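In what follows, a single structure is set out as C-alpha cells and then discussed.
Please read all numbers here as calculations on a predicted model, not as lab measurements. Throughout, a chain's letter reflects where its sequence line sits, starting with A, and its residues are numbered from 1.
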Amino acid sequence: MPIVSRLDEARQHIRRVICDFLTQEGHAGLEEFVRLDVPTEQGHGDLTTSFALKVASRTKMAPRQLLDRLIAAWPGLESVESLEAAGPGFLNFTLNTAWLAAVVPAVLAEPETYGNSEFGRRKRVLLEYVSANPTGPMVVVSGRAAAVGDTLARTMAAAGFEVKREFYVNDAGNQIATFGWALALRLKQLAGETVEWPEKVYPGQYVVDLAQEYQALHPEVDPKTLAEDQYAELGAWAAERMRKSHEAVLREFRVTFDQWFSERSLREAGAPEAVVERLRQRGSIVERDGAQWFTSTQYGDDKDRVMVKSDGSFTYFVPDAAYHATKFDRGFDYVIDLLGPDHHGYVSRMRAVVEALGYPPERLEILIVQLVRLLRGQELVRMSKRGGTFVALEDLIEDAGVDPARFFLLERAPETPMDFDLNLATLKGSDNPVYYVQYAGARIHSILRQWRASGDAGVPLDVSLLTEPEEKDLLVLTARFPEVVVRVAEERAPQHLPKFLTELASAFHTFYRQHRILDAPPKVRQARLALIEAVLATSTRGLDLMGISQPEEM
RNA sequence: GCGCCCGUAGCUCAGUGGAUAGAGCGCCUGACUACGAAUCAGGAGGCCUUAGGUUCAAAUCCUAACGGGCGCACCA
C-alpha cells in the first residue's frame, strides 16, 4: 500500500525495523502481525503496536523479553523520538515533533487537495443511492441515504477511486399507472366531480398541487373524460415532474448525480427481455404455473423468483436485474448500492442474478442504510407514502439548514437505526457539533484576517519551533487526516469524518486557549500561523467531503 | 415461524481482538480589562442486555436466549 500520510510514513519506517528485527531473530514470516495503531488513550504514545503479544505463541518468547531485545537493538529513526515497552507487551512510540511538523508546509503547498491519495488506484466505482420512487416528495429517510452516498462518493474520489454516481428512477410499471390514476382523480375532483378514493391510490396532498399544475399546462384536457388507458401517460408526466423536484431538493442538499438512470429507457430498449433471455440461455429460467421463474436458489437465495408473471408482464425485479447488468457491462470494478432496510430481502436475489449472469458477485456491494425514526416527543411519527403522512426533506432543510442536517445524518454509522426528535433541538440548536467544528475554522479565519490586516511582512517559516504539547496534538491530527479519508472510503464508513473533525476542533480550541498566536515572538508567530492555516485547510477539506461549508465568520 | 440491523453513561451515539470502554447533549464546580466564551479547565455518571464458548487478551469473534426495529407477494 502506498504511503498516504506523514503519520503513515512513520508507521512504515517503524514497521520495517520491526520486521527486519524479527527476521534476524529467526522469526521471518510474521509481518502480518506487525501493525502500528493510533492508541485510544493519552499516555500510550503516538503510535502503538501489540505485535509482541500476537507473536508470543510462535516465537516462544515472553512478549516483554522480545521487546527488550528489540529496544536494545533499536537503530534510531528520524521520525521516532522515543519508544517504550508497556503493559503486558505493548510497544509505544513517541514521534519526533520536528519531523512531524513537515506536514505543515506540505498541507500549505496544496491546501485544496490535502487528504487525497492514490489508495484506490483509479479503480472504477459506481455508487447508486437514494433512487427514491418518483411518486412522491423526497422524505427525510432518503436524506440520510443522500448524505451518506454523496459523502462516500466525495471521499472515495479523494482516496483515488474513479467514482460515478447514479440515481435509478423507477419511472415505469404499475406504480406509475397508479400515480397517474391518483392524478386523474384529483383532476376530476378539481373539476367538481365526486370521486370514490380507492385504498391503494396515493392520497397525498401533493397530488392536488400536481393536478393544478397539470390543469394550467393542459387546459384542453377535460378531466371528466379521463379513463384508465390514459393513466400511464398521466403518471409518466407526474413522475417526471416529481423527479425534477427530487433533483432540485437534492441539489439544495448539495447532492448531485452523474446520471439519472431511467427504468423506462431500459424497457424501451428491450433490456428486460434481453436479461431474461440471457438467464434462459444460461439455464436459470424455468416455467412453472404459467409464469417464468429465475432459479435463484441455485445461487443462494431462499426461494426462486418470478421474472415473467403468468399475464406476461415483468415483475419489478427484471428491470432492476437489467439495470445491474448494465453496470457490469459498463466496466465498473465495484458496484455499490445503498438501499433502505425495506429492501434487504432483495439483497440475496440481486447477488444471485449477478452471479447467474456471469459477473463476479463479490464486486456487487450492497449497503443497507438504516431507518431514521422520527419522534415527536415520545411519540413515534409513522411515515407512509401510501398513507400520505411523511416529513419532506425539503422541510427539514428549511427548518434545520443543510450543514446541521448533514452533520447529524453523517455522525452515525449508516447501518445503525437512528432516532431523532422532530422538535429538531439537537439538530439545529447550537449544541449541534457542526458549530463546534465550524467555530474553530471561523476563529482561524479571524486570526488570519487580523494578521493580514496588520501588514506584517512575516519572517521565514521554521516549523521546528512548534514544540508545545498542544501544537504537537494538532500536528499529529493533521498528519493523520489522509488515512482518515482512506478509512472512510475503504470501510464505507462516513461517521469517521465528523468524529475526526470534532477531535481536530477540540485540539485547536485547547491550543487557542493556552497559547497566543499574534502576540507571540515573530518566529513563533510565523510557525503558529502556518500551523493554524494547515489546521483550517484540513478541517475545511473534511467538512467539504461531508458537503458542509466552512463560514469565514459566524 | 424465517431473514437482516441494533442492544455501550440519564439521552443520542463512537469504539480497528489489546492497556483504566469514549464523545456530544444534559447535570455540578470553576475561567474573559489578552487574537471570537458558539470557547476552555475540572467533576459526577458503566455488570458494554443475559448465559455459555474461543483466546495470553472479548464491547468486539462463535452459539443460544431476551428486548427493539424492519423485511419475508405472480406489489414496487
Between A:Asp301, A:Val318, A:Leu364, A:Leu279, which is the residue that forms a side chain to side chain contact (heavy atoms under 4.5 Å, CB included) with A:Val353?
A:Leu279

Which part of the nucleic acid, if any, lies within contact of A:His445, taking any heavy atom under 4.0 Å across all strands shown: a base, the sugar-phosphate backbone alone, or nothing?
nothing

Looking for any heavy atom pair under 4.0 Å, which part of the strands does A:Asn170 touch: base, sugar-phosphate only, or nothing?
nothing

Counting side-chain heavy atoms from CB outward, which of B:U39, B:G24, B:C74 is closest to A:Pro433?
B:G24

Selection from B:C35, B:U16, B:A14 that lies nearest to any side-chain heavy atom of A:Leu518
B:C35

Per atom distances to the A:Leu53 side chain, the nearest of B:A14, B:G18, B:U39 is B:G18

Within the 4.0 Å heavy-atom criterion, would you say A:Thr178 contacts the bases, only the backbone, or no part of the nucleic acid?
nothing

For B:A14 and A:Thr416 - does any side-chain N or O of the residue sit under 4.0 Å from the phosphate oxygens OP1/OP2?
yes

With RNA chain B as reference, determine whether A:Glu552 or A:Pro414 sits nearer its 5' end, using the nearest nucleotide of each.
A:Pro414

Are A:Tyr436 and the base of B:A38 stacked, counting only ring centres nearer than 5.5 Å and planes tilted under 30°?
no

Determine the contact category for A:Asp171: base if any of its heavy atoms lies under 4.0 Å from a base atom, sugar-phosphate if only primed atoms, P, OP1 or OP2 are that close, otherwise nothing.
nothing

Under 3.5 Å, is there a donor-acceptor pair linking the side chains of A:Asp337 and A:His343?
no

Separation of atom OH in A:Tyr168 from atom P in B:A76, rounded to whole Å
11 Å

Among B:A38, B:C74, B:G69, which nucleotide has an atom closest to any side-chain atom of A:Leu371?
B:G69

Think A:Lys303 has a side-chain N or O under 4.0 angstrom from the OP1 or OP2 of B:A73?
yes

It should be established whether A:Asn133 places a side-chain nitrogen or oxygen under 4.0 Å from OP1 or OP2 of nucleotide B:A76.
no

If I pick the C1' atom on B:A21 and the same atom on B:C62, what distance separates them, to the nearest angstrom?
22 Å

Phosphate OP1/OP2 of B:G36 contacted by A:Gln450 side-chain N/O (<4.0 Å)
yes

Which nucleotide in B:G15, B:A31, B:A34 has an atom nearest any side-chain atom of A:Arg513:
B:A31

Test for a donor-acceptor pair under 3.5 Å between the base of B:A19 and the side chain of A:Asn92, counting only N and O atoms.
yes

Examine B:G36: is either OP1 or OP2 under 4.0 Å from a nitrogen or oxygen in the side chain of A:Ser446? Give yes or no.
yes

Looking at every strand, decide which applies to A:Met307 at a 4.0 Å heavy-atom threshold: base, sugar-phosphate, or nothing.
nothing

Phosphate OP1/OP2 of B:G18 contacted by A:Arg35 side-chain N/O (<4.0 Å):
no

Whole angstrom value for the distance that separates P of B:G42 from CD of A:Gln42:
10 Å

Tell me whether the ring of A:His344 lies stacked over the B:G71 base, given a 5.5 Å limit on centroids and a 30° limit on the plane angle.
no

Taking any heavy-atom pair under 4.0 Å as a contact, classify A:Asp302: base, sugar-phosphate, or nothing.
nothing

Classify A:His496 by what it touches in the nucleic acid, base, sugar-phosphate, or nothing, heavy-atom distance under 4.0 Å.
sugar-phosphate

Of the listed nucleotides (B:U12, B:C70, B:A76), which one gets closest to any side-chain atom of A:Pro341?
B:C70

If you look at every strand shown and take non-hydrogen atoms under 4.0 Å, does A:His509 touch a base, only sugar-phosphate, or nothing?
sugar-phosphate

Report the C-alpha separation of A:Tyr168 and A:Asp320 in whole Å, then their side-chain angles, then the decisive distance to 0.1 Å, and conclude whether the side chain to side chain donor-acceptor pair (under 3.5 Å) test is met.
CA-CA 9 Å; A:Tyr168 180 59; A:Asp320 279 8; 3.3 Å; yes

Distance between the P atoms of B:U20 and B:U12, in whole angstroms?
29 Å

State whether A:Asp456 and A:Arg525 are salt-bridged, where the test is any N-O pair (Lys NZ or Arg NE/NH1/NH2 against Asp/Glu carboxylate O) under 4.0 Å.
yes

So A:Ala440, base contact, sugar-phosphate only, or nothing? Heavy-atom distance under 4.0 Å.
nothing

Is there a donor N/O on one and an acceptor N/O on the other, under 3.5 Å, for the side chain of A:Thr48 and the base of B:A19?
yes

Any base atoms under 4.0 Å from A:Ala56, or only sugar-phosphate, or nothing? Heavy atoms, all strands.
nothing

Report the base-pairing partner of B:G30 (Watson-Crick or G-U wobble, both distances below 3.5 angstrom), or none.
B:C40

Below the 4.0 Å mark, does B:A41 have OP1 or OP2 next to a side-chain nitrogen or oxygen of A:Gln514?
no

Consider the side chain of A:Asp342, meaning its heavy atoms from C-beta on, and name the nucleotide among B:A14, B:U39, B:G71 that approaches it most closely.
B:G71

Classify the side-chain pair A:Gln514/A:Thr510 by whether it contains a donor and acceptor separated by less than 3.5 Å.
no

Minimum heavy-atom distance A:Gln438-A:Asp403, with the two atoms named
NE2-OD2, 3.1 Å

Nearest-neighbour nucleotide for the A:Ile517 side chain, B:C35, B:A19, B:A14 considered:
B:C35

Does a side-chain N or O from A:Tyr439 land closer than 4.0 Å to OP1 or OP2 of B:A38, or not?
yes

Given B:A38, B:C74, B:G17, identify the nucleotide with an atom nearest to the side chain of A:Lys309.
B:C74

Over how many whole Å does the gap from A:Arg267 atom CZ to B:A76 atom P extend?
8 Å

Would you say that more than 12 heavy atoms from the other residues, nucleotides or ligands in this model lie under 6.0 Å from the NZ of A:Lys523, or not?
no

Report yes if at least one side-chain N or O of A:Lys499 is closer than 4.0 Å to OP1 or OP2 of B:G22; otherwise report no.
no

Do A:Arg11 and A:Glu483 meet the salt-bridge criterion of a basic N to acidic O distance under 4.0 Å?
yes

Closest nucleotide among B:C5, B:G36, B:A19 to the A:Phe90 side chain
B:A19

Can you tell me the pairing partner of B:U54 across any strand shown, Watson-Crick or G-U wobble, with both distances under 3.5 angstrom?
none

Taking a pair to mean Watson-Crick or G-U wobble geometry with both distances below 3.5 Å, B:U16 pairs with none

With respect to the phosphate group of B:U39, does any side-chain polar atom (N or O) of A:Thr510 fall under 4.0 Å of OP1 or OP2?
no

